[in-house]
Structures are given as C-alpha cells and as structure tokens.
Amino acid sequence: MSKDRSPSTPHRQSQGGKDYRKRVQRSKEAGAPAPQPASKPRTGNPSAKPAIILKTEREKSLQRRHPWIFSGAVECIDGAPASGDTVAVRDAAGSFLAWTAYNPDSQITARVWSWQEKEVIDKAFFHQRIANALAARRTLAVGQTGNGMRIVHGESDGLPGLIVDKYGEVLVMQLGSAGPEHWRETIADILQALCAPVCIYERSDSDGRELEGLPKRNGIVRGKLPEQVEVIENGLRFAVDVATGQKTGYYLDQRDNRALTGTLANDRDVLNCFCYTGGFSLYALRGGAKSVLSIDSSQEALQIAQTNVGLNGLDASKAEWQCADVFEALRKLRDQNRKFDLIVLDPPKFAPTAAFAEKASRAYKDINLLGFKLLRPGGLLFTYSCSGGISDDLFQKIIAGAALDAGVDAQIVKKLHAAPDHPVLLSFPEGAYLKGLVLRVAG
Ligand code: SAH
C-alpha cells in the first residue's frame, strides 16, 4: 500500500506544462472552468465531470487492470467529487482509463467499476454485475453442496468492496468501501429482486471500514431476520449468528477444505485449532474420528459449535471443547505430551497487509512448529493462512522453517485455496487471500 502521504492530505497540484493535468491546473488558477480532456467526454453519466488525474507513468497498474488507485499515484482531482461518487480516472495526458468510486478518506483513492468509457454506472450496471456473479455460481454448481454460498466476492466479481453471503433464505451484505456504501439502497433492491431472500442483513462493521473513513453499521436492511439462521453444507447443518458472529457469521471459504478433512479423519485423533463454530470438527466427527479436541478463544463460537454437534446428531462424547488462547494451549498440550493424527490450524488474519508480514510470520511459525511436534509419525497437518499480506511462497517458506525447527520431515500432499464461490480475478492477486497446505509428516 502506498504510504507516501496520508489519506487526508490534499492532492498535490502540477506545475505548468502541456499535458491535461497542467491545463486543468492553469485554468483553475485563472478562475476559468477546467478544459475538457483530449478524449471525448461522456454524457451518459451525471457524474461525468469529476476526474482523477494520475501522475505521469502511474497508469501502468490500471493498464494491467488492477482495480485500485492508490493516493500516491494521484496528481490532482478535477472537480469536487464526494466520497462514493463515480469519477473518471485519466492518465496525465487526459486519456480515459476507468470509471471508479472515489474515496478521499482512504489510501485507496478510487476503485474501478468499469474499464469501458461508454459504461453508465447506474442501477442497470449493478443489476448486470450481480446477475453475472449469480450466473457464475450457477455454472460452477456451488449450490449443489448446500444452501450457503458467497454470491458476490468484491473486486473479483467486478464489485470492489462488496461482499454478499447467502445462508439459506438470508443474505448478509458487507460494504467495505465508499462505492458500495454510496449505492447501498440500489444494491439491496437488486439483491431483493434477484434472490427474494426473507432478510437482507448488513454487517458493515469490520475494522476495514474505519480505514475507509466509514462508520460501522450492523442491522436489517430488508425483511425480517428469522430467529434461527442455518446453513447446510455437504449435508451438515450449521447455526449462523449473522448479527454478532465473525465476518458475515460463517466462513464459507473453507467449505471444500473442511470436506477434505472429513474424508481423512477416520479413526484419527483430531486437534482443531481456531475452530470457531466447529466447522472442521463436525466434518471430522462425521468422518469417523476417534476423538476431536477443538480450541477457540471465543466462548460464543464454542457454544454454537456444541449446538451444531447436536443439530447433526453427532456423538458429543467424542468431542472436547476448550476455550483458550491457541498459542498457550498448544504449549500445554506439548508439555502434557499429547499426540494427534490430524491437526487443523486455521487462525485469523495475522497480516491484513504486507506491512504486518514479519510479525505475522513469527506467529505462523510458532503455531506450526508446535503443531508439527504434536503430530504422531505419519500424521497430517492442515495449515492455513487467510492473510492478504502473506503470499503462497512466503507461507510455504514459513512452514518449511517450522518443520525444520520441529525436527520433522514433511511432504506437501495438497495445496488448498478458497472454494470456487470466492474466485480470484487474474488482475487482482490480492483476491487469493486464503492459502492452505496439507502436510504429511514422515512415518
Ligand atoms: N476454522 C473455522 C474458522 C476460523 S476463524 C471454520 O472453519 O469455520 C478464526 C477463529 O480464531 C475465530 O473463531 C476466533 O475466535 C479464533 N481466534 C482468534 N485468535 C485466537 C487465539 N489467539 N486463540 C484461540 N482462538 C483464536
């Protein structure tokens, strides 16, 4: 992320010359209206006038279709757009690059809605994008494994900042940036029309909202929230607390990875760290695990996890639940000489951005080193990182270091990612936040 100036600092103005931004600047100084850019101005969009003018040579990432414009790339703003307004982005010579949602309060000054100059950013645009996202899920047959899925996955579905998760008849939307915040009512109307849910609930209360200068919001947007919300996944039922649970209430991204764990759990002693509402634990129990010890620091999540065991008629006597800090709990298990055949480590995001990578690396190494030590020979470690700031390569290196220090030889038997309802746009590698490795330690 660009750090060359704070989000609230006014954009610098250029110093004379012949290109577009300089003409804007000169006419402003003379008190005259800004000249029109060299390329044909569009007329279809009411917000056509404001424009973000990039510094020379700073259009490269946009030409590669990366959808973010960092504040450090901006030369000046033509006009006076408000947060969330649709604003054209132009290169230093005035050529159109993209239609974006503007946010003066963020390090990411704008996020791209469309690369087409003729596109109008209106209700029909959002309808089309959301309908496309739904069609993609149908093509991928995501809905065949249950009634929960991520319907809209932000940038990767062409809708930066917008997340929509479906739990049966309930939709949960999360507006993570100024663009979707501006179009909130329109988006809710479209979701209602296309999906006919009994409720649309808004969970715009992530910490990321503060970085965008947006207030946190949590509540019903349309309809009525049923007393119990449930998601069915590969035949397992999970209660979902959409109002106060983490993220939008459940972690749909791990669906396929949980199923894989279930197929490998038979007759094994399983340890599930950072278990939340028991996702991996329930699959392991159904898969015939001998025992499942699940650890999480959230008492609320553990309560739901135990409800979920009951909902599915699974053998509760095989399940042990611990409310604890995993870093401490793993040390205790080591000191007690406990051993497991299958361990899952699915921690929260230790590194939201690359700036946190070093500290996060130490945390990942710590838990994985302990995990390796707790495995019996031939045991399996399912280890994950959902940190945008940790690349696949770095994650693998951290795990290699952990195995070395634990004194075990281990093989990667599978690499894992988020389920297909969390697609990754090729031009937006940040979308590939979830990475996992299945490792087998030598027998
Ligand atoms: N594996 C889960 C999702 C895990 S989310 C699933 O499949 O649904 C990460 C979880 O880590 C959250 O439930 C959070 O409460 C828990 N957590 C965060 N920090 C923790 C810590 N230091 N010790 C134990 N649990 C922690």
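Numbers for residues simply follow the sequence, beginning at 1. Counting convention: from 1, in listed order, for ligands and their atoms alike.
Between Y276 and Q246, the closest side-chain pair of non-hydrogen atoms falls below 4.5 Å. Using a 4.5 Å cut-off on side-chain heavy atoms (C-beta onward), C195 and L134 make contact.
No hydrogens or angles considered: nothing links the side chains of E430 and W68 as a donor-acceptor pair under 3.5 Å. In this model, a donor atom of one side chain and an acceptor atom of the other lie less than 3.5 Å apart for K415 and Q396.
Ion pair R90/E59 not flagged as a salt bridge, since none of the NZ, NE, NH1 or NH2 atoms sits closer than 4.0 Å to an Asp/Glu carboxylate oxygen. A salt bridge links D189 to R222: at least one charged side-chain nitrogen sits closer than 4.0 Å to a carboxylate oxygen.
Nearest protein neighbour of atom 12 (C) of ligand 1, counting heavy atoms only, is Q246 OE1, 3.1 Å. Looking only at heavy atoms of the protein, atom 4 (C) of ligand 1 is closest to F274 O, 3.2 Å. Of the protein's non-hydrogen atoms, V326 N, 2.9 Å is the one closest to atom 23 (N) of ligand 1. Closest to atom 8 (O) of ligand 1, if we only count protein heavy atoms, is R258 NH1, 3.5 Å. When hydrogens are left out, the protein atom nearest atom 10 (C) of ligand 1 is D296 OD2, 3.4 Å; that is the closest non-hydrogen contact. Looking only at protein heavy atoms, the nearest one to atom 22 (N) of ligand 1 is D325 OD1, 2.8 Å. When hydrogens are left out, the protein atom nearest atom 19 (N) of ligand 1 is P348 CG, 3.7 Å; that is the closest non-hydrogen contact.
Taking a cut-off of under 4.0 Å to the non-hydrogen atoms of F280, the atoms of ligand 1 that pass are 1 (N), 7 (O). Contact atoms of ligand 1 toward A324: 23 (N), 24 (C) (distance under 4.0 Å to a heavy atom of the residue). The contact set between ligand 1 and Y276, taken as ligand atoms under 4.0 Å from a residue heavy atom, comprises 2 (C), 3 (C), 4 (C), 8 (O), 13 (O).
Residue-to-ligand polar distances place D346 within reach of ligand 1: an N/O pair is separated by less than 3.5 Å.
Note on ligand 1: C273 sits outside its first shell, no heavy atom being nearer than 4.0 Å.
Taking CD of Q322 as the reference point, atom CG of L293 lies at 5.5 Å (rounded to 0.5 Å).
V152 approaches A133 most closely through the heavy-atom pair CG2-CB, 4.4 Å.
Compare S297, C386, G279, G278 by their heavy atoms: the one nearest to atom 25 (N) of ligand 1 is in S297.
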